[in-house]
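Letters A, B, ... are given to chains in the order of the sequence lines, protein chains preceding strands, and every chain is numbered from 1. All heavy atoms count here, side chains included; hydrogens, waters and symmetry mates do not.
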There are 2 protein chains.
Amino acid sequence: MDIQLKRGLLDVCVLAAIKNEDSYGYRIIKDMKPYLELSESTLYTILKRLETARMLEVHTVEHEGRLRKYYHITPAGVQRIEEFKTDWEEIRSIYRFITREEA
Amino acid sequence: MDIQLKRGLLDVCVLAAIKNEDSYGYRIIKDMKPYLELSESTLYTILKRLETARMLEVHTVEHEGRLRKYYHITPAGVQRIEEFKTDWEEIRSIYRFITREEA
DNA sequence: GCGACATACATCGTAACACGAGGTAATAAC
DNA sequence: GTTATTACCTCGTGTTACGATGTATGTCGC
């Protein structure tokens with residue numbers, strides 16, 4: 001899919017991936033893969049950004065000798081998803097503008 | 001609307017705005033305004049980009065003492081719109097991923 | 001005639017961003 | 001002991017949207 005098209009979806013997608021259950025980087029990529037592929041470097045950038053924006057919180061857990069950083073969504077993160085749903089109506093309107101057949 | 005979300009829509013939107021009838025910068029902005037607002041600097045950047053990508057062609061016309069650069073869509077531009085329609089199915093799938101309610 | 005506004009184009013600098021390439025380190029399988 | 005998998009991170013680069021700014025003409029009110 002077109003990179004530019006992905007941009008607006010990525011942040012919200014990551015938030016959606018942890019909304020129902022706390023998750024960590026490696027697993028988020030796997031969960032999202034059927035819908036939207038993203039590289040590790042991209043994901044970790046996004047996670048850092050969302051953390052700075054306080055849309056998620058981190059707690060590190062040791063799991064079989066390796067570190068895992070679990071991410072938990074905050075109310076601000078949930079609100080971000082809600083805002084996306086509002087934007088969606090606008091996107092659908094734009095879609096109709098693009099696909100309309102006049103001539 | 002979220003800037004990132006606009007990004008993937010902008011190019012295709014501009015192509016759609018000239019698809020049925022050749023148009024020029026100033027008018028494109030006005031036509032698109034109800035759907036998607038964009039500044040002049042953004043539009044002219046987009047037009048230049050689409051021209052370089054040979055998705056549209058320019059012909060300059062003098063109109064009441066002022067220059068007007070009319071843009072005409074090429075087959076590659078039409079194809080770009082068709083590709084967007086394909087991408088749309090993916091976007092809808094992502095939307096469902098984001099808005100699903102599991103818990 | 002002159003100021004304000006609309007029409008119509010263009011450029012520059014900046015900040016945000018996705019991603020490839022590369023790095024570290026532990027466990028598991030063979 | 002080498003390869004694969006899990007799990008994290010950073011740096012550099014190219015693309016991009018947009019505000020600020022500039023140029024120039026036409027129109028309308030006063």
Closest to the [X] side chain: [options]?
X: A:Q4; options: D:dT15, D:dT10, C:dC17; result: D:dT15
X: A:D11; options: D:dC8, D:dC18, C:dA18; result: C:dA18
X: A:Y26; options: D:dT25, D:dC8, C:dA10; result: D:dC8

Residue whose closest nucleotide on DNA chain D lies nearer the 5' end, A:K48 versus A:R7: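 The 5'-side residue here is A:K48.
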Position toward the 5' end of DNA chain D (nearest nucleotide), A:Y71 or B:L10: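 Between the two, 5'-proximity favours A:Y71.
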Roughly, in whole Å, what's the span from [atom1] in [X] to [atom2] in [N]?
X: B:R49; N: D:dC18; atom1: CZ; atom2: P; answer: 11 Å
X: A:L43; N: D:dC9; atom1: CG; atom2: P; answer: 10 Å
X: A:L67; N: C:dA25; atom1: CG; atom2: C1'; answer: 10 Å
X: A:L47; N: D:dA7; atom1: CG; atom2: P; answer: 14 Å

N-O pairing of B:E51 and B:K48 below 4.0 Å: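 Salt bridge flag = no for B:K48 with B:E51.
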base_contact_polar (C:dG20 base, A:S39 side chain, donor-acceptor, <3.5 Å):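 Not at all, since no donor on one side and acceptor on the other fall under 3.5 Å apart.
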Quiz item: A:E40 side-chain donor-acceptor pair to D:dC8 base, under 3.5 Å: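 In this structure, the two groups form a donor-acceptor pair.
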CD-CZ distance between A:E21 and A:R27, expressed to the nearest 0.5 angstrom: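 A:E21 atom CD to A:R27 atom CZ measures 4.5 Å (nearest 0.5 Å).
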Hey, does the side chain of [X] come within less than 4.0 Å of [N]'s phosphate (OP1/OP2), counting only N and O?
X: A:S41; N: C:dC19; answer: no
X: A:T42; N: C:dC19; answer: yes
X: A:K30; N: D:dT6; answer: yes
X: B:Y44; N: C:dA10; answer: no

Plane angle bin for A:W88 and B:W88 - parallel if under 30°, tilted between 30 and 60°, otherwise perpendicular: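 The arrangement is parallel - the two ring planes meet at less than 30°.
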Check: B:T99 side chain, B:Y95 main-chain N or O, donor-acceptor pair, under 3.5 Å: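 Indeed, once roles are kept as given, a pair shorter than 3.5 Å links the two residues.
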A:D2 side chain near B:R80 side chain, heavy-atom distance below 4.5 Å: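 Side chain of A:D2 against side chain of B:R80, heavy atoms only: contact under 4.5 Å found.
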Residue met sooner reading DNA chain C from 5', once A:E64 and A:K6 are mapped to nucleotides: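 Its nearest nucleotide lies further toward 5', so the answer is A:K6.
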Touch class at under 4.0 angstrom, heavy-atom based, for A:R68 against every strand present: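 Sugar-phosphate contact only - A:R68 comes under 4.0 Å of backbone atoms but never of a base.
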